[in-house]
Protein chains: 2
Amino acid sequence: MDKKDLFGICPYVTSQKVLSGKWSIYLLYLLKDGPVRFNELKRMMPEEITHTTLSRQLKSLEDEGLIVRKEYSQIPPKVEYFLSEIGDKFDKVLIALGEWGDEYIHFLEEKA
Amino acid sequence: MDKKDLFGICPYVTSQKVLSGKWSIYLLYLLKDGPVRFNELKRMMPEEITHTTLSRQLKSLEDEGLIVRKEYSQIPPKVEYFLSEIGDKFDKVLIALGEWGDEYIHFLEEKA
DNA sequence: CCGCATCCCGGTGGATACTG
DNA sequence: CAGTATCCACCGGGATGCGG
């Protein structure tokens, strides 16, 4: 096995790279139930995230093949995002991650 | 719900933060079967990672409570790392992530 | 309504070298 | 064998503003 670069070889290293965006996991979570428009998404996110950043994060996920961007040619413009096939399969991870995350939050509270 | 900062509230946002380190997931994977020494760990990782970086990543995971560092007072020094209780519970996520990662790699190959 | 071009800034990872 | 101290380069995220 080539130790130089495990991307595309090791599932963990590969996943890590995909999930590196600051909001990627949360976005996948928000999209898991179907198409959402850009501004809806923005409203669902913490206030701190800006327009630009959200746009970039979505573009990354799109480039990586996890989500699909659908543009409606109309005035005013309308764009929807939804999970691709491989993005949809991520739900298993999301479930495990959600459960673990809750336990971890609990752990943090106890420690404090 | 306070939209200002979801860390410690939303399990996804919280998890995201923990997993932000470039090697965190892979390290958790390598440690899942029991204690491993520093240099062993280094040998199991891609060549690119340096001593310093590995040390920092481990420290982060330790600070976050996912792993435990055990030092043996002897010459030469010996240090072992292993999963904490909450770190051990991460195995569910690891499994889901491993499966998805393989599917994703497959997806990437088809696209190419 | 949505995306992009810029600029800026901080964090994080990598390289090197030195301690116990 | 393991860790730490520095320094540096890079990248990603935030802010702002324009364009379609």
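Only heavy atoms go into these numbers, but all of them, side chains included; no hydrogens, no water, no symmetry mates. Keep in mind the model is a prediction, meaning the values are calculated, not measured. Protein chains get the first letters and strands the later ones, always in sequence-line order, with residue 1 at the start of each.
Under a 4.0 Å N-O distance rule, the pair B:Glu62/B:Arg69 does not qualify as a salt bridge.
The distance between atom NE2 of B:His51 and atom P of D:dT4, rounded to the nearest whole Å, is 9 Å. Across the protein-nucleic acid pair, B:Lys78 atom NZ and D:dA2 atom P stand 9 Å apart, rounded to whole Å. Whole-Å rounding puts the A:Trp23 CH2 to D:dG13 P distance at 10 Å. Whole-Å rounding puts the B:Arg37 CZ to D:dC1 P distance at 8 Å. The separation between B:Ile49 atom CD1 and D:dA2 atom P is 15 Å, rounded to whole Å.
Looking at A:Ser55, its side chain never comes within 3.5 Å of a backbone N or O of A:His51 through a donor-acceptor pair.
Using cut-offs of 30° and 60° on the angle between ring planes, the pair B:Phe38 and B:Tyr81 is tilted.
Protein chain A touches strand DNA chain C; the 5'-most and 3'-most nucleotides with an atom under 4.0 angstrom of its non-hydrogen atoms are C:dC1 to C:dA5.
When each of B:Tyr81 and A:Lys22 is assigned the nucleotide of DNA chain D with its nearest heavy atom, B:Tyr81 is the one assigned upstream, toward the 5' end.
Atom CG of residue B:Leu54 and atom CE of residue B:Met44 lie 11.5 Å apart, to the nearest 0.5 angstrom.
In this structure, A:Trp100 and B:Ile86 approach most closely via the heavy-atom pair NE1-O, 3.0 Å. Taking each heavy atom of A:Ile105 and B:Gly8 in turn, the nearest pair found is CG2-O, 3.3 Å.
Between the base of D:dT16 and the side chain of A:Thr52 there is a donor-acceptor pair shorter than 3.5 Å.
Using a 4.0 Å heavy-atom cutoff across all strands shown, A:Pro77 reaches at least one base atom of the nucleic acid.
More than 12 heavy atoms of other residues, nucleotides or ligands sit less than 6.0 Å from atom NZ of B:Lys111. Annotation: A:Lys78, atom NZ; neighbour count of heavy atoms from other residues, nucleotides and ligands within 6.0 Å is above 12.
Proximity of residues 53-73 of chain B to DNA chain D (heavy atom under 4.0 angstrom from any strand atom) is restricted to B:Ser55, B:Arg69.
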